[in-house]
Enquirer: 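The structure follows.
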Amino acid sequence: MERATESFLVSLEQNPGNHFTGPDDVVQDTLLSEEAKKRVLLAWEDQARRLSLATEEGMGGGEPSLVAEVAEAMAEMGVESGRPSTPAK
């Protein structure tokens with residue numbers, strides 16, 4: 001990837017919600033490569049899991065968790081989760 005493109009991809013990974021309405025928009029994007037989509041979805045998955053965990057621990061800021069939406073988008077693309085399932089408490 002070119003430097004500018006890589007820089008933009010890093011921005012997408014850091015704040016996917018600033019660039020896309022939802023995870024399905026990543027899947028439907030016609031400008032991103034399959035690898036770029038995978039990277040963005042994996043980053044979004046990590047962020048969604050962290051938000052969900054924080055919410056469970058009473059530290060959430062009221063934002064809705066997108067774990068299920070991200071999982072559906074990843075499944076649609078055939079992308080496996082970047083993290084193992086959370087163990088039962």
Side-chain angles (χ1 to χ4, degrees):
M1 295 185 120
E2 294 177 34
R3 179 170 287 187
T5 303
E6 183 65 25
S7 173
F8 182 66
L9 182 54
V10 168
S11 174
L12 293 176
E13 289 175 307
Q14 291 174 343
N15 296 296
N18 289 348
H19 301 278
F20 299 100
T21 303
D24 192 50
D25 290 342
V26 177
V27 176
Q28 302 304 321
D29 191 282
T30 58
L31 300 177
L32 293 176
S33 69
E34 294 296 309
E35 183 60 29
K37 291 177 184 182
K38 177 180 175 180
R39 286 176 56 180
V40 172
L41 288 172
L42 287 169
W44 209 336
E45 175 195 35
D46 184 58
Q47 292 172 18
R49 286 179 184 264
R50 289 174 189 252
L51 175 61
S52 182
L53 181 60
T55 300
E56 286 177 17
E57 294 177 356
M59 297 182 291
E63 304 92 346
S65 173
L66 296 175
V67 173
E69 287 182 51
V70 174
E72 287 175 20
M74 290 173 63
E76 186 176 334
M77 288 198 56
V79 176
E80 290 192 33
S81 174
R83 293 183 127 192
S85 297
T86 305
K89 293 182 179 180

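This structure is a prediction, so every number in the text was calculated from the model and none was measured.
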Enquirer: Can you see which heavy atom on Glu80 is nearest to which on Met74, and at what distance?
Expert: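 Minimum heavy-atom separation between Glu80 and Met74: O-CE, 3.5 Å.
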Enquirer: Taking the side chain as every heavy atom from C-beta outward, state whether Asp29 and Val40 have any pair of such atoms under 4.5 Å apart.
Expert: no
Enquirer: Tell me which pairs pass ring-ring contact (aromatic ring centres under 6.0 Å, His included) where either residue lies in residues 27-52, with sequence neighbours left out.
Expert: none
Enquirer: Looking at CD of Glu69 and CG of Leu41, how far apart are the two atoms once the value is rounded to the nearest 0.5 Å?
Expert: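 Output value for this atom pair is 11.5 Å.
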Enquirer: Only counting residues at least two apart or in another chain, list the ones meeting side-chain contact (heavy atoms from CB on, under 4.5 Å) with Glu76.
Expert: Asp24, Val27, Gln28
Enquirer: With a 4.0 Å cut-off, would you call Arg39 and Glu35 a salt bridge?
Expert: no
Enquirer: Could you measure the distance from the CZ atom of Arg49 to the CG atom of Leu53? Nearest 0.5 Å is fine.
Expert: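 Here the interatomic distance stands at 10.5 Å.
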Enquirer: Partners of Glu34 by salt bridge (charged side-chain N to carboxylate O under 4.0 Å, His left out), sequence neighbours excluded?
Expert: Lys37
Enquirer: For Gln47, enumerate each residue passing the side chain to side chain donor-acceptor pair (under 3.5 Å) test, keeping only those at least two apart in sequence or located in another chain.
Expert: none
Enquirer: Could you go through residues 14-23 and list every donor-acceptor pair under 3.5 Å that involves a side-chain atom there, pairing it with any protein atom two or more places apart or in another chain?
Expert:
| residue | atom | partner | partner atom | Å |
| --- | --- | --- | --- | --- |
| His19 | NE2 | Ser11 | OG | 3.1 |
| Thr21 | OG1 | Asp25 | OD2 | 3.3 |

Enquirer: Say whether Val67 and Met77 are linked into one hydrophobic cluster, either directly or through other cluster members, by side-chain heavy-atom distances under 4.5 angstrom.
Expert: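 No, Val67 and Met77 fall in different hydrophobic clusters.
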